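Worksheet: the structure to be examined is printed underneath.
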Amino acid sequence: MLLTLTTTHQPATDLGYLLRKNPARPQSFGLSFGKAHIFYPEANHERCTVALLVEVDPVGLVRNRRGPSGEGGALEQYVNDRPYAASSFLSVAIADVFGTALAGNSKERPDLVDAPMPFHVTFSALPCRGGEQFLRKLFEPLGYQIAATRLPLDARFPDWGESAYYRVELDVVLPLKQLLSHLYVLVPVLDNDKHYWVTDDEVKKLMRHGEGWLAAHPEREAIARRYLKHQRSLFDDALAQLADENAPDPDFVAETHAQEEEAIEKNISLNEQRLGAVVAALKGSNATRVLDLGCGEGRLLQLLLKEKQFAEIIGMDVSHRALEIAKDRLHFDRMPSMQKERLRLMHGSLIYRDQRLAGFDAAAVVEVIEHLDPPRLAAFERVLFECARPSTIVVTTPNSEYNVKWETLPAGKFRHRDHRFEWSRAEFQAWANRVATTSGYKARFLPVGPEDSTVGSPTQMAIFTK
Ligand code: SAH
């Protein structure tokens, strides 16, 4: 398969410096599935074209079990389109031989790394599953001009009709690293296949190479789904992370949370009652190793430290600033070493699977879930209830029915401007019961704060046990 990139940026031979490949010297690289060759059909002051020719060895693929997994039987393993069509093999070759440029590094031309340059890109055969329309939907929102010619299945037998392959030319003005990241992600998406098994790592790659453009792409869902080979749990994670990129600054959320919510709830110092109820639930569970997830400024951590029962206490939050404030409040740096050894603060997000959260007795998630919008809430459920799986989980969230009782809260408004939802008791219980049933927990519910006979208490708490 052949890919060419041409630039008319001047001096055009800067392309050689950005790619770290000398235009005067053709080079070949061994890859696990074949070979990549780089050469420059033209390289002068006005125009420079680099060609990446990827040779795939179909017999080698069979030996290494990397061949097509289709249903074409034994023959398809040996005779297939992989040597000719642009596919995930091309992405691997780009990452391998143009890795420095893809990562946005350049020793010789650092000032050009972020500079938009005109590029003309050609693919000799690009499989477009979903047709030219899908090709356009992928590239046009990123600013590309597209010329695509559909290739016949076999030029000698026109009756056989058209193939799924296109000769494609793209024109765009972009920094090289952006162009390479678009190609890296979108070529396998168009092919709708990958030559290797995809795992969690692939979500990370998608996030890394999609940074700055994928979250806002109108086709982000289709891109994530195809890129992750239609594996539901992986693309749910990816979509949640993309939603996260569009989310407000976590530090802002953490900082204003305390002020705004407290201002509304202050009359009854609800916060103290809530934290008291959570500590009681954790103590009652006999836990010794506990997590405070979305610990904010560390109010619960402060109470947990006072209880000898808790030998290991972890506070995690997505906001660096909240963690800094927590450290100050707890006088972490001046803490006696016995205390200090019991406490760890860590930065992390509840929507990413995280090995560090495994093996705990209990987790508290206090006034956090209402900050997660629906795709992130689903990821959070998997992270906590399916992966981390502590024996006890305590979750609190506002009871929206109680909002009519707050004098300072206008009707129909949430208690904090970053809240994505506030649930009634029925809604919270339906969510908690569903999550409990699917993940093998039992849920109990307790009111927190003064209880009103019609609207209930201001905070609602669920205690999940295995
Ligand atoms: N539990 C604390 C803070 C509640 S405010 C208390 O009761 O005082 C909500 C907190 O959740 C904020 O600190 C915010 O930064 C954190 N948060 C929001 N989304 C998160 C995520 N995806 N992962 C971890 N923390 C998150």
Side-chain angles (χ1 to χ4, degrees), residues 207 236-266 269-279 281-282 290-305 313-330 344-354 356-357 362-385 387-388 393-398 414-422 448-449 458-462:
M207 292 303 130
D236 280 351
D237 272 2
L239 291 180
Q241 292 182 33
L242 290 173
D244 213 28
E245 267 187 39
N246 279 339
D249 173 8
D251 290 337
F252 167 79
V253 173
E255 229 169 59
T256 56
H257 186 277
Q259 302 155 13
E260 286 187 23
E261 209 162 331
E262 255 168 36
I264 292 161
E265 295 176 347
K266 68 171 182 254
S269 90
L270 178 58
N271 196 29
E272 276 163 39
Q273 292 189 45
R274 183 160 51 219
L275 295 180
V278 173
V279 173
L282 293 175
V290 293
L291 297 163
D292 179 10
L293 303 174
C295 62
E297 299 176 359
R299 285 168 225 255
L300 178 62
L301 297 173
Q302 198 164 20
L303 298 179
L304 295 174
L305 277 168
I313 304 164
I314 308 281
M316 183 174 106
D317 204 284
V318 74
S319 160
H320 284 290
R321 199 168 305 157
L323 291 171
E324 285 304 316
I325 296 173
K327 255 190 186 164
D328 276 357
R329 281 173 59 94
L330 299 167
R344 197 144 39 96
L345 293 173
M346 61 193 206
H347 180 241
S349 170
L350 279 171
I351 61 165
Y352 305 151
R353 258 175 265 207
D354 192 331
R356 297 175 301 176
L357 304 183
V365 191
V366 179
E367 306 295 282
V368 175
I369 59 170
E370 62 275 10
H371 291 272
L372 306 175
D373 51 19
R376 294 199 272 162
L377 185 62
F380 158 75
E381 291 164 24
R382 284 192 301 281
V383 168
L384 185 56
F385 290 85
C387 300
I393 299 174
V394 181
V395 176
T396 76
T397 194
F414 292 155
R415 295 184 202 177
H416 181 264
R417 75 183 99 149
D418 184 57
H419 284 182
R420 303 311 161 93
F421 56 83
E422 285 178 359
V448 179
T459 294
Q460 37 188 348
M461 177 160 88

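Atoms within each ligand, like the ligands themselves, are counted from 1 in listed order. Just so we're clear, the structure is a prediction, and the values are computed from it rather than from any experiment. All residue numbers in this chain count up from 1 along the given sequence.
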Item to check | Met316 N/O under 3.5 Å from ligand 1 N/O | outcome: no
Item to check | Donor-acceptor pair, side chain of Arg420 and main chain of Asp418, under 3.5 angstrom | outcome: yes
Next on the checklist: Can you name the atoms of ligand 1, numbered from 1 with element, that are less than 4.0 Å from a heavy atom of His371?
Outcome noted: 9 (C)
Checklist entry - To the nearest 0.5 Å, how far apart are NE2 in His371 and OG1 in Thr397? => result 8.5 Å
Item to check | Glu367: numbered ligand 1 atoms lying under 4.0 Å from its heavy atoms | outcome: 4 (C), 5 (S), 9 (C)
Checklist entry - Do Gln302 and Leu275 have side chains that get closer than 4.5 Å, going by heavy atoms? => result no
Next on the checklist: Please state which option from Val318, Leu301, Leu323 has its nearest heavy atom closest to atom 18 (C) of ligand 1.
Outcome noted: Val318
Next on the checklist: So is Gly348 touching ligand 1 or not, going by heavy atoms under 4.0 Å?
Outcome noted: yes
Next on the checklist: Any nitrogen or oxygen of Ser349 lying under 3.5 Å from a nitrogen or oxygen in ligand 1? Just yes or no.
Outcome noted: yes
Checklist entry - Hey, which atoms in ligand 1 end up nearer than 4.0 Å to a heavy atom of Cys295? => result 2 (C)
Checklist outcome for this item: So the atoms of ligand 1 within less than 4.0 Å of a heavy atom of Ser319 turn out to be 15 (O)
Checklist entry - How many angstroms lie between atom CG of Leu372 and atom NE2 of His419, to the nearest 0.5 angstrom? => result 10.5 Å
Checklist outcome for this item: If we number the atoms of ligand 1 from 1 as shown, the ones under 4.0 Å from a heavy atom of Val368 are 11 (O)
Checklist entry - Looking only at side chains, do Thr459 and Arg274 share a donor and an acceptor under 3.5 Å apart? => result yes
Checklist entry - Nearest non-hydrogen atom to atom 1 (N) of ligand 1 belongs to which of Ala322, Gly296, Gly294? => result Gly294
Checklist entry - Are any side-chain N or O atoms of Asp317 and backbone N or O atoms of Cys295, one a donor and one an acceptor, separated by less than 3.5 Å? => result yes
Checklist entry - Do any nitrogen or oxygen atoms of Asp317 come within less than 3.5 Å of a nitrogen or oxygen of ligand 1? => result yes
Next on the checklist: Counting only heavy atoms from other residues, nucleotides and ligands, does the tally under 6.0 Å from CZ of Arg356 exceed 12?
Outcome noted: yes
Checklist entry - When rounded to the nearest 0.5 angstrom, what distance separates CD1 in Ile314 from CG in Leu345? => result 8.5 Å
Next on the checklist: Counting only nitrogen or oxygen atoms and a 3.5 angstrom limit, does Val366 reach ligand 1?
Outcome noted: yes
